[in-house]
Amino acid sequence: MSELSARYHPKETEKKWYKVWESKGYFRPRSDHEGKKFRKNRYVIAIPPPNVTGILHMGHALNNSIQDILIRWRRMKGDDVLWVPGTDHAGIATQNVVEKKIAKEKKTRHELGREKFLKQVWKWKEEHGNTITSQLRCLGCSCDWSRERFTMDEGLSRAVLESFIQLYERNLIYQGHYIIHWCPRCETALSDEEAAHKEVQGALYHIKYPIQGMGRQAEKIGDDHIVVATTRPETMLGDTAVAVHPQDARYQHLIGKKVILPLMEREIPVIQDEHVDPEFGTGVVKITPAHDPNDFEIGNRHQLERINVMHPNGVINENGKQYAGMDRFKARKKIVEDLESQGLFIRRDSHLHAVGHCYRCDSMVEPYLSKQWFVRMKPMAEKALKAHKEGKTVFYPERWTKVYTHWLEGIRDWCISRQIWWGHQIPVWYDEEGHIFVARSEEEAQAKARDKYGREVSLKRDPDVLDTWFSSWLWPFSILGWPEKAEDLKYFYPTSDLVTAPEIIFFWVARMIMAGLEFLGEEPFNRIYIHGTVRAQSGLKMSKSLGNAIDPLEVIEEIGADALRFSMIMLSAQDVYLSREKFEVGRNFTNKLWNATRFVLMNLDDFKEGSCQLNFEKDRLSLPNRWILSRLNDVTKESEKWLDQFGLSQATTELYHFVWNDFCDWFIELAKPTLMGSDQEAKRQTQKVLFFTLERMLRLLHPVIPFITEEIWQKLRQKASDAKDWPETIMLAAWPKDERYQDAESEKAFCMLQNAVTGIRDLRARLNIPPSQKLDAVIHVKEKKQEEVFATFKNSVEKLSRVDLTIDAEFRKNKAFIGNAFADFEVFIRIEGIVDPSKETLRISKKIEESKKWVAALKKKLDNENFVKNAPEDVVEREQKKLSDAEKLLKSHQEHLALFQ
RNA sequence: GGGCGGUUAGUUCAGCUGGUUAGAACGCUUCCUUGACAUGGAAGAGGUCAGAGGUUCGAGUCCUCUACCGCCCACCA
């Protein structure tokens, strides 16, 4: 007996099925089982790997639900699908975690030494690094775990090494001394993308710089000083000039003169440079080439000295003389105080500006002069732009295209070296003279050095590691075995779709495309679906630190992954604003589906003909059966149409309404009397259709709610007469096709049925007649031939609205009846002796008013010659039909009113 | 400073290429413990589609401007 329990228990069910799926190898591509022969129908998701320190948040949950839906859908369509899961090593984040851990034992990584420290990190990774992947399993993600990868594993490390060397050999990697973003807390360089700009309420400090030798003779401005404005006074310790605009009349006389740098008591020149904006501040800029990117450029143009005044940890160094040893913010305060006491401080204006923050620890980033490795991006960006122009990379929705191309057009070189230990160490060795040897191994470097000098040389490896993104940008092909000529690579590259969040466009999307083009000559994926951002109801981004996060695992624990996925997808037409209540949709829906199935199974006890095949003779089916099959056909077509263009939310909404409104509210309700009736033939037919429709429905829903559909589908499978033809799992059942079961006539007739029932129920409710009281009802059709149509569902109406029904084209209205009018017919109930109808007068009068307005509007439209002339024929026809319907309706209403007067 | 998105029922949102009396979910009102489901069923109330112009026979849907909200990008110190 395959009856379902009264309640659905997601927890056990979900665990059970995930285990089965994984152990039976359903997550692996078909070609693993059947040989590589499906190349035409591959579908590969280029999933961005989550960071190994991460835990699943709602953003992940949405992202991965979408990917799983697409993968499951394509798998059912028969495609050879592959979804390779994995994690990246998250260099800075992971190192921070482990450093914090050893700090508890009062140790630093430097005390431990590189090797021991890295051992600790690996240990941490083994113990904690699988949190996020196990969470993806809870979500139901059908990734191929046998192919799971990690950016630091052997193969991917080889890919990183190889890509570095290839780029170096193509002159696309260079070492340089530039101003980069520096995080003083993590003590490492960051790329531009890793320094997140945030608006900060800062200040503009106005400071006097005394003019050398001008004394009181100054004629034009100030007397003995000029005023500079700066947001970072502490950097003045490293000033090596003061600049004005060449055409600025106020300062002409000062150009070429010298000023005394306060506190440091150094003489520095006044120079002229186009870059200075005379409108801003005082029109005078202090130039600190070692601590500001603009100043660095200006310094280059004027051959200025670069004075670094800061240690890597943000503490002032010996160049800052009396301020050495002070933290950058303390020094700022002290410097302002000292200037004040010397009478050189003028004022502090509050000033709103954007300042970079470390995306890992949120510290204020320092523009810092240092020697780093860079990737020359322009040549690669040009290739990417070309591929885009050729239509090889398409964004959904389209508007993100501009974000992408703008970034590529204004691209800047990528700083890839990091002064940390956890990551891929840069494959570069130096000899004593500082010459560079780029090599795949120490031996190779030694050999190169030997060639150069003709003798053994001692080499030192560059201690820095590469940016984590330098390994993730290779993901779409490194996971497939590149740089080896692996079978997977040949077969699965390029992948099909990339699904990601908007903030990842620069970090990844663009870089992956560039890497794909650079190393394989082919873009790594063609379609890029950018989904919405998950936010808390307040509109803020969900984050743990803000305390407004909803933990997806808690939700799964409570209502199941299916309910979570369903709710989220339904809401995800654009940005998703979440609150706990929003998950009720999914919970209620899974419950509804469960109970509908219970009903079906309960009524299949003696039934042996359940089949997933469409073997109905259309003309012999009853109206409700014809109708539900037609609707099923509609919804099959619609959901496919939406899925094709990443409209998961629309597809899910379609299915929701089909299941709830069409199948449960109408079809099941109509099936009840038939199933309990004595007509065995009709009963069997309805059982067949119930079974068939439910089975198809489950398949359509499976990508969104994989667990419950599998559970139910297996129960149906036990009941099926053709079970031997069913696959072992719904995961491998075929995605339903358009079976051309559409039937406009049935849909129209069914609509009349619904109107008739609703019309009677409405009268009942308004007149306070209890649903249990049986009534006499009459349907007055306007044309004799319609009697036949209504006869086909007379019984249904009687059952659903508890009436004895007569269908009568010649019905004569009278005071014993009260009715509701529709365009094609009217429905009446006998109220004689039951209620006093007088209060209906008002309502009907209102309806008459509405109808009149509507008729007038339509008449006006149709009287307009231009409309008739310009509008398409079918539109005009439709409007004419509407007018005639409206007129009929008006007439009916008027007649109804007349009954009471 | 540049770019993008939003403004539709009490609330959260759909509404594709302009053409059914603008839809749904939640909430609300009334009724219903009817053997699938109260995480339910039935009926109902509720909107001058942010504002102003324009294009059109016809605009929530296209164009312009305005207002407010939000996001992303940015080396004016």
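Naming: A, B, ... by sequence-line order, numbering from 1 per chain.
- The distance between atom NZ of Lys672(A) and atom P of G35(B), rounded to the nearest whole Å, is 9 Å.
- The side chain of Phe506(A) sits closest to C73(B) out of U12(B), C73(B), U21(B).
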Every protein N/O within reach of nucleotides 42-45 of chain B N/O, cut-off under 3.5 Å:
from   : atom 1 : to        : atom 2 : distance (Å)
A42(B) : O3'    : Arg761(A) : NH1    : 3.4

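- Of the two residues near RNA chain B, Leu571(A) and Asp295(A), the one whose nearest nucleotide lies more 5' is Leu571(A).
- Counting any heavy atom pair closer than 4.0 Å across all strands shown, Phe296(A) reaches no nucleic acid atom.
- Comparing A77(B), C16(B), A74(B) by their nearest atom to the side chain of Ala354(A) picks out A74(B).
- For an aromatic pair to be called close, the ring centres must be under 6.0 Å apart, and Trp660(A) with Tyr656(A) satisfies this.
- Protein atom NZ of Lys881(A) is 15 Å distant from nucleotide atom P of U20(B), rounded to whole Å.
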**Message:** What does the 5'-to-3' dot-bracket notation of RNA chain B look like when only Watson-Crick and G-U wobble pairs under 3.5 Å count, and pairs to other strands show as |?
**Reply:** (((((((..((((.....[...)))).(((((.......))))).....(((((..]....))))))))))))....
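- Salt-bridge check for Lys882(A) with Glu879(A): passed, with a basic side-chain N closer than 4.0 Å to an acidic carboxylate O.
- Contact annotation for Glu654(A): no contact, since no heavy-atom pair falls under 4.0 Å across all strands.
- A straight line from CG of Asn588(A) to C1' of A25(B) spans 10 Å, rounded to a whole angstrom.
- Residue His353(A) has no polar side-chain atom (N or O) positioned under 4.0 Å from OP1 or OP2 of A74(B).
- Remark: Trp660(A) is in phosphate contact with G41(B), judged by side-chain N or O atoms under 4.0 Å from OP1 or OP2.
- Here Glu669(A) lies in heavy-atom contact (under 4.0 Å) with a base.
- Contacts of His657(A) with the nucleic acid, taken as non-hydrogen atoms under 4.0 Å apart, involve only primed sugar atoms and P, OP1 or OP2.
- Residue-level contact check: Lys286(A) touches neither bases nor backbone, having no heavy atom under 4.0 Å from any strand.
- Pro502(A) comes within 4.0 angstrom of nothing in the nucleic acid, heavy atoms only.
- A cation-pi arrangement is present between Lys672(A) and Phe599(A), with the terminal nitrogen or guanidinium carbon under 6.0 Å from the aromatic centre and inside a 45° cone about the axis.
- One interatomic measurement links the two molecules: CG of Asp192(A) to P of C73(B), which rounds to 12 Å at whole-angstrom precision.
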Mind listing the N/O atom pairs, protein and nucleotides 29-34 of chain B, below 3.5 Å?
none

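- Taking 4.0 angstrom as the limit, Arg878(A) places a side-chain polar atom (N or O) nearer than this to OP1 or OP2 of U20(B).
- Within the 4.0 angstrom heavy-atom criterion, base atoms lie near Asp277(A).
- Residues Thr282(A) and Val403(A) each lie close to RNA chain B; by heavy-atom proximity, the contact nearer the 5' end of the strand is made by Val403(A).
- The aromatic ring centroids of Trp182(A) and Tyr368(A) lie less than 6.0 Å from each other.
- Residue Ile668(A) is classed as a base contact, given a heavy-atom separation below 4.0 Å to a base.
- Note on Lys882(A): a side-chain N or O is less than 4.0 Å away from OP1 or OP2 of U21(B).
- Residue Lys592(A) places none of its side-chain N or O atoms closer than 4.0 Å to OP1 or OP2 of A36(B).
- In this structure, Asn866(A) places its CG atom 8 Å from P of G58(B), rounding to the nearest Å.
- His181(A) comes within 4.0 angstrom of no nucleic acid atom, judged by non-hydrogen atoms across all strands.
- Salt bridge status for Glu193(A) with Arg511(A): present, with a side-chain N to carboxylate O gap under 4.0 Å.
- When heavy atoms are screened at a 4.0 angstrom cut-off, Arg412(A) is found touching base atoms of the nucleic acid.
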